[in-house]
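Just so it is clear, the structure is predicted and the values come from calculations on it, not from any experiment. The chains referred to below are lettered A, B, ... by the order of the sequence lines, with proteins before strands, and numbering in each begins at 1.
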Number of protein chains: 2
Amino acid sequence: MEKQTNGRPAGASDARPRAAADDCADCGPQGADTLALRVVARAITGKWKLEIISCLMDGPMRFGELRRALPDVTPHMLSAQLRELAASGLVSRAAFAEIPPRVEYALTEAAWALVPVLRELLAWARRHGRPDGLGVAD
Amino acid sequence: MEKQTNGRPAGASDARPRAAADDCADCGPQGADTLALRVVARAITGKWKLEIISCLMDGPMRFGELRRALPDVTPHMLSAQLRELAASGLVSRAAFAEIPPRVEYALTEAAWALVPVLRELLAWARRHGRPDGLGVAD
DNA sequence: CTGTATCCACGGTGATACTG
DNA sequence: CAGTATCACCGTGGATACAG
């Protein structure tokens, strides 16, 4: 591209554009913004969380239903990921003290509010995401 | 609800509301959508990638500048994360065969296109992200 | 049916030291 | 200045078995 192979624009190296990419005044590399983003990243980072959310987008599901819908997920992981999703407020857990026991998981309002953003992320991935250079193969 | 506590009605088990949360016809839990989302998640998942991106939002930076801006990141990790970011097309690497050697890293257009989405993610985090229940403390 | 307990492999991350 | 090499730790996730 137009990237010069050499030649520093130089002198005023401190003349940062301050591109207004962040909206808070104090946003440094370790600012609150980045922190918050890491929280979100963490919330959906996990080998099966997106799959679980995707399932739950069709409506509430029980533990066994999720197991059947996601055959590759062990009970161990399903339980763990579900607990983490609940801890981050993305999934609600409704247990019924019956025989046999029944538990239903569903997306919270926060999760539903996140869905449109996820779809934008998806749109971005379709525009810019090349399968090359990424190792997402399990 | 009308969902019986036991005895799955095997026949009508496919009567999902189909909440129209996804936009592709074939989106199952392991659909292309979820796959693409995992690619994005992977692209920004890494202990320092968001911090690096945040730094680069102020303009191109050299390796040493990043080191100074992110004192907690070892050269090892900085190099690794930078390589991964470059591999996923979020960061460009411009090397100059000079003495002393100089390398500049910058956000690609794809990364800039991702920024607004990141900001929405951020807005979501502010609305729904509680500091409790999350373990992002390093 | 709904999970938990235990063991174990792997990879991401950090510390330190070294090279072009 | 800009990395790489090597070692070690630890959390994530998988397999299997067990419990309320």
According to side-chain contact (heavy atoms from CB on, under 4.5 Å), who are the partners of B/Ala123, at least two apart in sequence or on a separate chain? B/Arg127

Residues which pass side-chain contact (heavy atoms from CB on, under 4.5 Å) with B/Leu118, listed by chain and number, not counting sequence neighbours: A/Leu37, B/Leu114, B/Leu121

Would you please confirm or rule out a distance under 4.0 Å between OP1 or OP2 of [N] and any side-chain N or O of [X]?
X       : N     : result
B/Arg83 : D/dT4 : yes
B/Arg62 : D/dC1 : no
B/Ser79 : D/dT4 : yes

Once side chain to side chain donor-acceptor pair (under 3.5 Å) is applied, do any residues pair with A/Arg93, and if so which ones, sequence neighbours excluded?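 So A/Arg93 forms a side chain to side chain donor-acceptor pair (under 3.5 Å) with A/Tyr105.
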
Salt bridge A/Glu51-B/Arg38, side-chain N to carboxylate O under 4.0 Å: yes

Figure out the [atom1]/[atom2] separation between [X] and [N], and round it to whole Å.
X       : N      : atom1 : atom2 : result
A/Leu85 : C/dG3  : CG    : C1'   : 16 Å
A/Ile44 : D/dT12 : CD1   : C1'   : 17 Å
A/Ile99 : D/dG20 : CD1   : P     : 13 Å
A/Leu78 : D/dT12 : CG    : P     : 17 Å
B/Met61 : D/dA2  : CE    : P     : 11 Å
A/Leu50 : D/dG13 : CG    : P     : 12 Å
A/Asp72 : D/dG14 : CG    : P     : 9 Å
B/Arg67 : C/dA15 : CZ    : P     : 12 Å

Please name the pair of heavy atoms, one in A/Pro101 and one in A/Arg62, separated by the smallest distance, quoted to 0.1 Å. O-NH2, 4.0 Å

Beyond-backbone contact of [X] with [Y], side-chain heavy atoms, under 4.5 angstrom:
X        : Y       : result
B/Leu107 : B/Val91 : yes
A/Leu56  : A/Leu66 : yes
A/Arg67  : A/Phe63 : yes

Starting the side chain at C-beta, find the nucleotide from C/dG3, D/dC1, D/dG3 nearest to B/Val103.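 Per side-chain heavy atoms of B/Val103, the pick is D/dG3.
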
Counting side-chain heavy atoms from C-beta on, which of C/dG3, C/dC1, D/dC1 comes nearest to A/Pro101? C/dC1

For A/Tyr105, report the nucleic acid contact type (base, sugar-phosphate, nothing); a contact means any heavy atom under 4.0 Å.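 Sugar-phosphate contact only.
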
Enter the inter-axis angle for the ends of the helix from C/dC1-D/dG20 to C/dG20-D/dC1 (five pairs per end, rounded to 10°).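 The angle, to the nearest 10 degrees, is 50°.
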
List the steps and the verdict of side-chain contact (heavy atoms from CB on, under 4.5 Å) for B/Asp33 and A/Ser54. CA-CA 9 Å; B/Asp33 286 10; A/Ser54 179; over 6 Å; no

Atom pairs and distances, donor-acceptor, side-chain atoms in residues 75-82 of chain B, under 3.5 Å, two or more places apart:
from    : atom 1 : to      : atom 2 : distance (Å)
B/Ser79 : OG     : B/Arg83 : NH2    : 3.4
B/Gln81 : OE1    : B/Trp48 : N      : 3.1
B/Gln81 : OE1    : B/Lys49 : N      : 3.3

Short N/O separations, protein against nucleotides 8-13 of chain C, under 3.5 angstrom:
from   : atom 1 : to      : atom 2 : distance (Å)
C/dG12 : OP1    : B/Arg42 : NH2    : 2.9
C/dT13 : OP1    : B/Lys47 : N      : 3.0
C/dT13 : OP2    : B/Gln81 : NE2    : 3.1

B/Ala80 or A/Pro75: which one's nearest nucleotide on DNA chain D is closer to the 5' end?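 Its nearest nucleotide lies further toward 5', so the answer is B/Ala80.
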
